[in-house]
J.: 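My structure is below; once you've seen it, I'll send some questions.
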Amino acid sequence: SVTKDSTSSGDQKLFIKFRMTEVILHLNEHDDGGNIESLKFLLSEMETEVVMKSWDLSVATSIGSAEIQDYFTKSFDGRCQSLLSSGSKGKKFLSANYCKNDRQCPQYGSSSPPTEQSIVADMSVVKIHLQKGSLVKLMSMGLSIMAEIKSNNQPSKQIAIQTEEGLTKRSSVVKHHLPGEREMYIEATFGGLEVTLGDEHGDILSADITGLNTTITMLEEWTVVTASMKNVMLVDADPNSCHSQVVSKMDDSLTVISTEIRMFNTNSVHDASSLDLFLSATVQRLTVFLVFKFVNRVMHYVNEVMEELKLAKKAVGLSEEKTLSNTMEIHGAQEEKNGSK
């Protein structure tokens with residue numbers, strides 16, 4: 001829906017709202033037997049809202065849920081498994097808001113702190129379940145796609161040159177900042193990531209990372225980047241394990257890691273040696289139990305994946321050689337044809 005010059009808000013110039021119920025994308029793999037469905041991407045309840053007023057612009061977008069269904073390895077009853085899913089019920093998978101304020105607005109300096117542009121994003125918990133066969137298939141597919149892109153990629157002859165005069169003109173624009181004014185503020189919150197690895201015999205391990213938060217604040221004097229992680233845990237999925245908690249933190253009330261990077265702005269931005277940098281990091285104590293049986297299972301899993309990946313690389317290499325040979329034969333035939341003329 002599109003509304004212009006809305007009467008509900010005197011300074012509102014444009015209002016756009018877009019909503020899509022569901023998007024389904026199928027990724028198929030082609031072989032001699034035809035097309036085989038490999039992955040299925042599902043996105044639901046996608047919304048975007050744009051509001052433009054006299055002195056500001058705001059964009060809000062969200063995705064209700066997301067899922068990737070795995071057709072590489074199916075369950076015992078023949079159904080596909082969920083490779084990726086959004087884990088928080090009743091919470092949107094992703095929501096993001098962008099706001100741009102005009103510095104000429106009379107009320108611009110009244111907000112605390114005054115912010116020219118801001119981006120706030122929030123993502124819920126993401127669950128990933130990877131079987132060994134699916135992992136190998138995904139990596140093989142990635143190699144095939146990269147080989148196809150490489151074979152079709154033509155070197156670009158365009159070279160972008162920026163003169164010192166252009167740099168001088170760009171840097172000559174001077175803004176008069178208000179006290180504490182933020183040129184840009186970015187905040188990203190990630191509920192967590194749950195990863196489970198397994199093979200045909202069952203799950204091997206599960207890793208759980210929760211409470212990820214990152215902020216970027218750009219001021220006139222400096223740029224501040226903060227990052228934190230609330231909890232991390234690694235669990236042995238073997239039900240007969242003598243100690244299932246492989247990695248865990250000792251104090252639940254404390255954040256596992258928190259960092260702050262502050263980069264001070266200088267006039268000589270092209271000289272890296274003149275940039276001042278402040279780095280602070282705090283890491284809490286973790287408890288680690290290593291059981292030989294668990295380590296052995298993980299190493300065996302990694303070795304099997306690497307061996308199958310080597311075979312996939314060889315198959316892609318043979319495919320590239322075959323394509324190159326066919327291309328040379330075509331060019332040779334064309335040259336003979338032109339010579340006969």
Side-chain angles (χ1 to χ4, degrees), residues 19-27 37-48 60-75 79-98 119-139 141-142 145 186-199 202-216 225-237 244-249 252 255-259 286 298 301-302 305:
R19 184 173 183 269
M20 188 175 294
T21 305
E22 190 175 46
V23 173
I24 301 176
L25 176 64
H26 296 268
L27 182 61
E37 189 169 21
S38 303
L39 296 173
K40 184 178 180 180
F41 300 84
L42 298 98
L43 299 174
S44 64
E45 300 299 329
M46 294 177 291
E47 293 185 0
T48 300
T61 184
S62 64
I63 300 175
S65 64
E67 183 181 4
I68 301 177
Q69 294 181 357
D70 175 17
Y71 286 84
F72 292 121
T73 55
K74 297 185 179 180
S75 59
R79 294 186 301 176
C80 63
Q81 299 184 9
S82 180
L83 179 66
L84 181 147
S85 62
S86 50
S88 299
K89 293 183 178 180
K91 185 180 180 180
K92 293 182 178 180
F93 170 68
L94 175 66
S95 60
N97 295 275
Y98 169 77
I119 300 174
V120 179
D122 183 22
M123 181 180 287
S124 67
V125 177
V126 176
K127 295 182 179 180
I128 299 176
H129 192 279
L130 274 176
Q131 294 290 334
K132 184 182 68 176
S134 301
L135 180 58
V136 172
K137 281 284 188 180
L138 286 172
M139 297 174 76
M141 184 178 292
I145 293 174
I186 302 174
E187 180 178 356
T189 304
F190 186 18
L193 180 64
E194 299 178 10
V195 180
T196 304
L197 296 180
D199 56 15
D203 294 339
I204 296 177
L205 63 85
S206 62
D208 190 3
I209 301 173
T210 58
L212 298 171
N213 183 268
T214 301
T215 63
I216 301 175
V225 180
T226 64
S228 62
M229 180 174 63
K230 187 175 181 181
N231 191 19
V232 60
M233 185 168 56
L234 182 64
V235 177
D236 184 358
S244 60
Q245 293 274 351
V246 180
V247 178
S248 61
K249 69 176 184 178
D252 293 336
T255 301
V256 173
I257 183 172
S258 58
T259 61
L286 296 174
V298 173
Y301 179 91
V302 173
V305 171

J.: Given side-chain hydrogen bond (donor to acceptor under 3.5 Å, both in side chains), test S65 with S86 step by step and report yes or no.
T.: CA-CA 6 Å; S65 64; S86 50; 5.0 Å; no

J.: Which atoms form the tightest heavy-atom contact between L130 and Y301, and what is the distance?
T.: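 Smallest heavy-atom distance, with atoms named: O-OH, 4.0 Å.
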
J.: Roughly how far apart are M123 CE and L193 CG, rounded to 0.5 Å?
T.: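 It is 10.0 Å, given to the nearest 0.5 Å.
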
J.: Where do F41 and L43 land on the side chain to side chain contact (heavy atoms under 4.5 Å, CB included) test, with the steps shown first?
T.: CA-CA 7 Å; F41 300 84; L43 299 174; 5.9 Å; no

J.: Passes side chain to side chain contact (heavy atoms under 4.5 Å, CB included), L138 versus L39? Steps please.
T.: CA-CA 10 Å; L138 286 172; L39 296 173; 3.6 Å; yes

J.: Should we count NZ of K40 as having more than 12 external heavy atoms under 6.0 Å?
T.: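 More than 12 within 6.0 Å, yes.
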
J.: Where do K230 and I257 land on the side chain to side chain contact (heavy atoms under 4.5 Å, CB included) test, with the steps shown first?
T.: CA-CA 7 Å; K230 187 175 181 181; I257 183 172; over 6 Å; no

J.: Calculate, to the nearest 0.5 Å, the distance between atoms OG1 and NZ belonging to T255 and K249 respectively.
T.: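 Separation between the atoms: 6.0 Å.
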
J.: Say you draw a straight line from OG of S62 to CG of N97; how long is it, rounded to the nearest 0.5 Å?
T.: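 CG of N97 is found 9.0 Å from OG of S62.
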
J.: With a 4.5 Å cut-off on side-chain heavy atoms, are I209 and F190 touching?
T.: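 A side-chain contact is absent here, since even the closest heavy-atom pair is not under 4.5 Å.
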
J.: Check this for me: K132, atom NZ, are more than 12 non-hydrogen atoms of other residues, nucleotides or ligands nearer than 6.0 Å?
T.: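 It does: K132 NZ has more than 12 such atoms within range.
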
J.: How far apart are the C-alpha atoms of D70 and H129, what are their side-chain angles, what is the distance that settles it, and do they pass the side-chain hydrogen bond (donor to acceptor under 3.5 Å, both in side chains) test?
T.: CA-CA 9 Å; D70 175 17; H129 192 279; over 6 Å; no

J.: Give, for atom CG of N231 and atom CG of D208, the distance between the pair rounded to the nearest 0.5 Å.
T.: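 The CG atom of N231 sits 7.0 Å away from the CG atom of D208.
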
J.: Does T61 reach the main-chain N or O of E47 with its side chain, forming a donor-acceptor pair under 3.5 Å?
T.: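 Flag set: sc T61 to bb E47 pair under 3.5 Å.
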
J.: Less than 4.0 Å between a side-chain N and a carboxylate O, is that true for D122 and K91?
T.: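 Salt bridge flag = yes for D122 with K91.
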
J.: Do Q131 and D203 come within less than 4.5 Å of each other through their side chains, counting heavy atoms only?
T.: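 Yes, their side chains come closer than 4.5 Å.
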
J.: Determine whether L205 and V246 make a side-chain contact, defined as any pair of heavy atoms from C-beta on separated by less than 4.5 Å.
T.: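 Heavy-atom side-chain distance check fails, nothing below 4.5 Å.
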
J.: Checking side chain to side chain contact (heavy atoms under 4.5 Å, CB included) for the pair T210/E194: CA distance, chi angles, key distance, verdict?
T.: CA-CA 8 Å; T210 58; E194 299 178 10; 5.8 Å; no

J.: At their closest point, which heavy atom of V125 faces which heavy atom of G191, and how far apart are they?
T.: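 Scanning both residues completely, I find the closest heavy atoms to be CG2-C, 3.9 Å.
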
J.: Measure the spacing between CD of Q69 and CD1 of I24 and express it to the nearest 0.5 Å.
T.: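 Going from CD on Q69 over to CD1 on I24, the span is 8.5 Å.
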
J.: Over all heavy atoms of both residues, which pair between I63 and M46 is shortest? Give the atoms and the distance, please.
T.: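 Closest heavy-atom pair between I63 and M46: CG1-CG, 3.9 Å.
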
J.: Rounded to the nearest 0.5 Å, what separation is found between the OG1 atom of T189 and the CG atom of N213?
T.: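 If I round to the nearest 0.5 Å, the distance is 4.5 Å.
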
